[in-house]
Every structure is written in structure tokens, then in C-alpha cells.
Amino acid sequence: MASSHELTLNLVLPNGATRDVPAGTTGRDVVASIGPGLLKAAIAVAVDGDVFDLMTPLRKGGAFVVLKESDPRSLDLLRHSGAHILATAVRRLRPDAKIGFGPAIDDGFYYDFEVDKPFTPEDLEAFEAEMVKVAAEKFPFLREEVSKSEAQKRFADDPLKLERLAEFSDDEIISTYTDGPFIDLCRGPHVPDTSYLKNFKLLSAAAAYWRGDETRQMLQRIYATAFWKKDELEAHLHRITEARRRDHRVVGKQLDLFMFHPFAPGAAFWTERGTLLYNTLVDFVRGLQRADYKEIKTPLLYNKGLWETSGHWGKYRENMFLVLDSETSEHDFSLKPMNCPSHYLMYLAKKHSYRELPLRYATFDVLHRNEISGALSGLTRVRQFAQDDCHVFLMQSQIRDEVERLTKFILGYYSAFGLTARLKFATRPETRIGTDELWDGAELALREALDATGLPYELKPGDGAFYGPKIDFDVTDSIGRHWQLGTIQLDYNAPDRFDLNYTGEDNADHRPVVIHRAVSGSFERFIAILIEHFAGAFPVWLAPEQVRVLPIADDFAPVAREVTQRMRDAGIRATLDDGNDTLNYRIREAETMKTPYMAVIGKREAEAGTLAVRERGQGKKQEVVAVDAFIARVLEEIRTRALPVAVES
RNA sequence: GCUGACGUAGCUCAAUUGGCAGAGCACCUGAUUUGUAAUCAGGCGGUUGCGAGUUCGAUUCUCGCCGUCAGCUCCA
């Protein structure tokens, strides 16, 4: 903190002008000296990229920028201040509530309270109304820097704050922020006063452990969000309701795709329709991999010796399903939670030449992981699933080309669904195996491969696995949500543990590198994402039922049956609904099931050899086409995997 | 796993202070033969998740178990 001893701070404004101010001058004074108009719009300032609010004394000089609402960094201030305003309101209505932490988070903010009884939805409404009042009262956020003993005095009634205070060293700056009746131990920064909070919404209340520690007491956390602009808030709330409407658990039931049963918690039952969807996806991946991957199947059950070799028997065992061996009466066997070790066994079964590399083993086997019961959630967190798993065995020198190839493969797969991805490059973590030279080489190869794709990527230093760096694929769906799906991970550990070798050009043994690759994470989770992405209205090639044929009356059922059969023979998933119900009723049924096409056959069509085609979601708009032309058109849509014209929103 | 909420017909939901468990849809039967989002009538359907307890009496109150949902990283 050498800079805090500077007497004069040199601030460089964006236009190049400089300003010398005494250390301890607040941002507000500096901004005011630039212009009163600017002060009105200012939310905070940044010095050399560090954000300070207007009431904080500046202790260092550097590049000086005034943050207005338009600066994305200012939103965090609004939200963090929102948390204080929430606490202000809660304390007014529930003076006994002890306060925990209240930070801004990605989509809003929260505040933790220790209370005897959990908050009810009615409580939240009352708090929200009170927050409106607090905002209207326009309390300035007052910052004070105090000694530790003074702070302990101020928070004498707040045990959670005292606990935090006890952790401060004596030379740290301890600050408090006060807005009206509420004082909080807080580093800041904050907006100037409570009236800045205009567009906010309390979302939910739920329990959270104090400091995320399950051995500590439960607090009541209130989640909320806030935006500068009303339409931004409304868009966010709309996204929340839209996500609820598309919930794959609800849609999956409506479309009759899968179910769960208490006798198999965390494992999906796939209905006939769901299985069609599932298999279509698997077939798609299989087709893409036909040329240069070797698909293999390996056992589901293994002796613990394999997991001891792989290292999973130690820490990961609690996540594995152990199976009792009736001869030894011990849990010596386990269902595989991943395919990697079994692929190594397959690799070890033969001698391999450098000429074979890169060697790509792909597997769609069922995996089991014993997730804790509270983590289970629909298809997104399950105990039984299948990955589109692949392990590449290759030489160090091949990493760059291979990663580039895998990256393009994964992105190509996503684009088939209209999904876009952001790439994240995770480098060496603090605890890791392998020499620095090895990591240098691996990271360089990955980086070169990434650069070669020409795509932007985000750097996540220290986020790699202990055995190697990785690239993660963060996918954005049609309502703007992010999902971490694919991954490309370099592994220098497994080849050593399993003593994997290949014979090089020099006729000597060499150690290959292993790349773990997954594209959709698991089919289960990916299907959940697709259901929500498409809101159940799958593109024709994916739809379990592609065409529903509807004769208007019994007289046309024979023709309809014949047409249905022709479609099926052509490879279209067509069904006939010649039920006793009215046409209106049957159309409604088909629409509800999000069937892409309805083909209606009445007198006119039967005589002319045509179909009155109704497209999903297009209402009465219909098109009369020849049966053959329609079949050709659907087949073409399947072949090109055409996406719905507008991914419904 | 922990905290909280929830669990009623295949589905979505009702059931005043504890007093015979209902509706719509689905399903079955019959009538109707339908021209682009629900034809009409009748009928079937339940050990109220499971197991204990309190009570004259439990869907309702208490406890245990099972399951589902939300939250449990984002740091004063």
C-alpha cells in the first residue's frame, strides 16, 4: 500500500488532461471539478481500472475514468446498493434479523439474514414495498472508515459481522456504509444514494449456509435483481418466466418424452417418442464420427483394481455405485462413472504404432454417478446417463492440429441446432502434476489451435484440470442462457498411470498424450437443453413424430393409411390419426404435441392425390401439395437438418 | 447430504375450524362422419407417497421413511 502514502495523486483523464489532487480527495470532488453536469451522471470512478464510488477517498493516482450508467461496471454498484436497501427494509420490518453478506451476483444480488422463521412470499412482498419507500427517502450512502474496535462497537448486535471483523488484520482499512437507519460493514462501492434503485424485483427466498459452509448455521437468503432501465428489468423477468414455460420437465411430460419413478431416482425412463429423439441424436453424432473415429463398447462393471489404477478409488469412490461381490462379500466392483479407464485398457491390449495416431476411441455407453440426492434435477442432473465420449491418443506434436479439428467438430455440432458457443481456455492450476515445460508446451499447443480457429476465446487462468489444460464450450440457447457443454481436455496423467505407449519412428516406446473430448456433455442433459431451446418444437429431423396424417372422415381413412405407409417407407416418422374425434380435435392434439406437419386428407385430396398440409404453429395457413412433392420436401428438410424458421420465443 | 416447501384419480388441481374425497381433461362405451386448435351423452377410475402415533373419527395434527422442487460458488 505504498501508494496510500502519496501526498499528491496524479490523475490522467481520458482526454489526456491531468489533475493533481491531494491524497484522500473523494471521487465526487474530482468529478465535480471536471463539471457539475458530469457529476449528475456519474455513478462511480475508476482509477487504473479499479472502481471506487464517489464517496471513497482516493489513495492512488492513475488513469481516471468516470463511470456512468452506460458502463457495465456500474451495474454491480447498483445491485450491491440494492442489497443494502433490501437489508434496510428487512431491518425496519424485522428488527431482530441478523445480517450476513449481501453481494451483487451475476444476475442481480442477494442478502443473507439470520432469522428464527423463514421468510414467506408475503414477507417478500412487504420487503419489496418497503424498499420502494427506502428508495423514495433518498438516503445518501455515507462511507466512514473506522478502527477495528470502533467497528466492533457498531456491530455489537450482529454476530455474523463480528465474526467477519475478527478476521481483519490491524492495518486494513475497515469501512462502513450507512443509508438512513441502516449501517453495514462494507467495502463498497455504492451508488450515491438509495433513490438510484428504481427497477428491481425480489425473486425468491431460500436457505443458504453461512459462508457456504454446510457445518455452519442456515441463513435465509433473499435473491433479487435490479437494472438501470425498466425495459432491461422486464426483459430479464420475461426471460425467467420464459424459462419456466419451457421447463424440460414440464414439456417432456406434455410431449411424452420421458418419465421418472421413485424406484430409480436420478435415472430417466425414455418413452417411445423420447427414445426416437434420443436415438436420432446418437445417430447424428455417430454419423459425424463415422469416418475417423473408432466406436467401441466397454464393460459397465469393473473390479476396483481399475479405479485404483486410475486414481478414482480414493476420493471419487463416494460418487461411484459399488457392487457387492458375492464371493468376497466386499464392494469390490463398481459401475463405471466414466469411460476413460476402459478406453485405456482397450488401448493397452495392442501395441500401437505412431502411424495409427491420432487414435480416436468413441463410446456411448451408460455411465453411473451417485450424485447426492439434493443435486438431482430433471434430466440436467442425473445418476445414469450417456456421454458422446471420445478419447484421442496422440503425439505431443499432433496436439495443435487435433485440437483445431475437435474444436471445429464441436462447434459444427452445436450449429446444427442453432446454438452458439463461447470458448474458454483454462490453464494450469496451482496444484498440478507435470513439469512447467510440459505445461508450457501443452498450453502453447492449445492456444495455437484456438488461434487457428479464428474464434474469440476467454482466458481462465488457473482453471485447468490438475492433469492438463482444457478448452470448455459455453453454449448460449435461444433465450440467452448459458450452458457449459463440450470440453477438450489434455491429459498427461493418465498415460503415465496406465503406462500407455506407442512405438515411434525410432522403434522406441513413447508416451502418448490423451485428449478427453465430450460434445454435448451427456445426451440426457443435452436433450433437456434442446427441449428448452426449441420450447419443444423440434426441427423436423429431430421430432419424434414428423408428420401426422388426418383423414377428415372415415371414408378417407384407407387413403390416409396408404399415404402414411408411403411416408414411412420413404423414411419419414409419420403416424395416422383416424380416430373418432372431430378434425378440430385431432388438429389440436397434433399441435399440442408440436408435430411439425399435419397432412389432412378429405374428398378433394383423396381424389387429386394431394395433401392439405398444415405446418406447426402456422394456424389456418395451409398448402395443398402432391403427396410425392410433400414427401420429397420433408426428406429434404430431414437431410439438411433444417431448423425451424423462427425458433419460437 | 443440509434447510425449507410440496406429494390427493393417468394429467392439472379442489376439499370451510379433523366429520362419507370432488372437478376438468385423459381413458372406456354409445351416438355423431366431421374441412384446420377441444361434438354430445353415459361410464370406469382413489388404502389421499409409504409406515407409525394422537383421536370416537385423520387428506387435514405429530413423528419416521421415500420422492419431487428451490437454495446451499460468486465473499465485509
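Protein chains get the first letters and strands the later ones, always in sequence-line order, with residue 1 at the start of each.
Enclosure of atom CD in A:Glu272 is not indicated, since only 12 or fewer non-hydrogen atoms of other residues, nucleotides or ligands lie within 6.0 angstrom. For A:Lys148, the NZ atom sits in a packed shell: over 12 heavy atoms of surrounding residues, nucleotides or ligands are nearer than 6.0 Å.
The residues A:Glu524 and A:Arg369 are annotated as not salt-bridged, no charged nitrogen and carboxylate oxygen being separated by less than 4.0 angstrom. Between A:Arg586 and A:Asp578 no salt bridge is recorded (no basic side-chain N to carboxylate O distance below 4.0 Å). Ion pairing between A:Lys98 and A:Asp158 fails under the 4.0 Å rule for side-chain N and carboxylate O. For the pair A:Asp50 and A:Lys60, the salt-bridge criterion is met [side-chain N within less than 4.0 Å of a carboxylate O]. Taking 4.0 Å as the cut-off between side-chain N and carboxylate O, A:Glu591 and A:Arg588 do not count as a salt-bridged pair. A salt bridge is absent between A:Asp463 and A:Lys424; no separation between the charged side-chain nitrogens and carboxylate oxygens falls under 4.0 Å.
Taking the ring centre of A:Phe109 as origin, the terminal cationic atom of A:Arg79 falls outside the region bounded by 6.0 Å and 45° from the ring axis. Figure legend: cation-pi geometry between A:Arg273 and A:Phe258 absent, as NZ or CZ is not positioned both under 6.0 Å from the six-membered ring centre and within 45° of its axis.
If you measure from atom CD of A:Gln254 to atom P of B:A26, you get 15 Å, rounded to the nearest angstrom. In this structure, CG of A:Asp581 is placed 13 Å from C1' of B:A37, rounded to the nearest angstrom. Atom CH2 in A:Trp210 sits about 23 Å away from atom P in B:C2, given to the nearest Å. Rounded to an integer number of Å, the gap from CZ of A:Arg586 to P of B:C25 is 19 Å. The CD1 atom of A:Ile222 sits 15 Å away from the C1' atom of B:U3 (whole-angstrom rounding). Between A:Tyr597 atom OH and B:A37 atom C1' there is a gap of 19 Å when expressed in whole angstrom units. When rounded to the nearest whole Å, the span between OH of A:Tyr111 and P of B:C75 equals 13 Å.
Between the side chain of A:Arg614 and the base of B:A37 there is at least one donor-acceptor pair of N/O atoms closer than 3.5 Å. At a cut-off of 3.5 angstrom, the base of B:U32 holds at least one donor-acceptor pair with the side chain of A:Asn580.
For residues 152-165 of chain A, proximity to RNA chain B is found at A:Lys161, A:Arg164, defined as any non-hydrogen atom under 4.0 angstrom from a strand atom.
Aromatic ring centres of A:Phe630 and A:Tyr597 lie closer together than 6.0 Å.
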Legend entry - Protein proximity profile, nucleotides 65-72 of chain B - base contact B, sugar-phosphate-only contact S, no contact -, cut-off 4.0 Å on heavy atoms: --SSSSBB
Legend entry - Under 4.0 Å protein heavy-atom contact, by nucleotide of nucleotides 41-48 of chain B - B base, S sugar-phosphate only: --------
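Two residues are said to be in side-chain contact when any heavy atoms from C-beta on lie closer than 4.5 Å; A:Leu550 and A:Glu589 fail this criterion.
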Inset, instruction - Decide side-chain contact (heavy atoms from CB on, under 4.5 Å) for A:Glu615 and A:Lys621; before the verdict, give the C-alpha distance in whole Å, the side-chain angles of both, and the deciding distance to 0.1 Å. - result: CA-CA 8 Å; A:Glu615 209 172 322; A:Lys621 199 176 85 183; 5.9 Å; no
Legend entry - Check against side-chain contact (heavy atoms from CB on, under 4.5 Å), A:Leu86 and A:Tyr223: CA-CA 10 Å; A:Leu86 167 60; A:Tyr223 280 97; over 6 Å; no
Inset, instruction - For the pair A:His482 and A:Arg422, evaluate side-chain contact (heavy atoms from CB on, under 4.5 Å) and give the outcome as yes or no after the intermediate values. - result: CA-CA 9 Å; A:His482 298 287; A:Arg422 294 187 304 191; 3.4 Å; yes
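You'll find that the side chain of A:Ile587 is closest to B:U36, out of B:U33, B:A38, B:U36. Set against B:U36, B:A31, B:C27, the side chain of A:Tyr585 has B:C27 as its closest nucleotide. Nearest nucleotide to the A:Thr582 side chain, out of B:G35, B:U39, B:U36: B:U39. Here the side chain of A:Ala612 is nearest to one of B:G35, B:A37, B:U33, namely B:G35.
As rounded to the nearest Å, B:A58 and B:G42 have P atoms that lie 35 Å from one another. Rounded to whole Å, the separation between the P atoms of B:U73 and B:U3 comes to 16 Å. As rounded to the nearest Å, B:U12 and B:C69 have P atoms that lie 13 Å from one another.
No hydrogens or angles considered: nothing links the side chains of A:Asp71 and A:Ser74 as a donor-acceptor pair under 3.5 Å. In this structure, a donor-acceptor pair under 3.5 Å is present between the side chains of A:Thr88 and A:Asp179.
Nearer the 5' end of RNA chain B, as judged by each residue's closest nucleotide, is the contact made by A:Asp555, out of A:Val600 and A:Asp555.
Interatomic distance, A:Lys603 NZ to A:Ile552 CD1, rounded to the nearest 0.5 Å: 11.5 Å. The CZ atom of A:Arg211 sits 10.5 Å away from the CD atom of A:Gln217 when rounded to the nearest 0.5 Å. Taking CG of A:Asp53 as the reference point, atom CD1 of A:Ile43 lies at 11.0 Å (rounded to 0.5 Å).
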Under 3.5 Å, which protein N or O atoms sit close to an N or O of nucleotides 9-14 of chain B? Give each pair with its distance.
| unit_1 | atom_1 | unit_2 | atom_2 | d |
| --- | --- | --- | --- | --- |
| B:U12 | OP1 | A:Lys253 | NZ | 3.4 |

Under-3.5 Å N/O pairs linking protein and nucleotides 6-8 of chain B:
none

Legend entry - Intra- and inter-strand pairs of RNA chain B in dot-bracket (Watson-Crick or G-U wobble, both distances under 3.5 Å; | for another strand): (((((((..((((.....[..)))).(((((.......))))).....(((((..]....))))))))))))....
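Residue contacts shown for A:Asn584 are limited to sugar-phosphate atoms, with no base heavy atom under 4.0 Å away. A:Glu605 comes within 4.0 angstrom of a nucleotide base, judged by non-hydrogen atoms across all strands.
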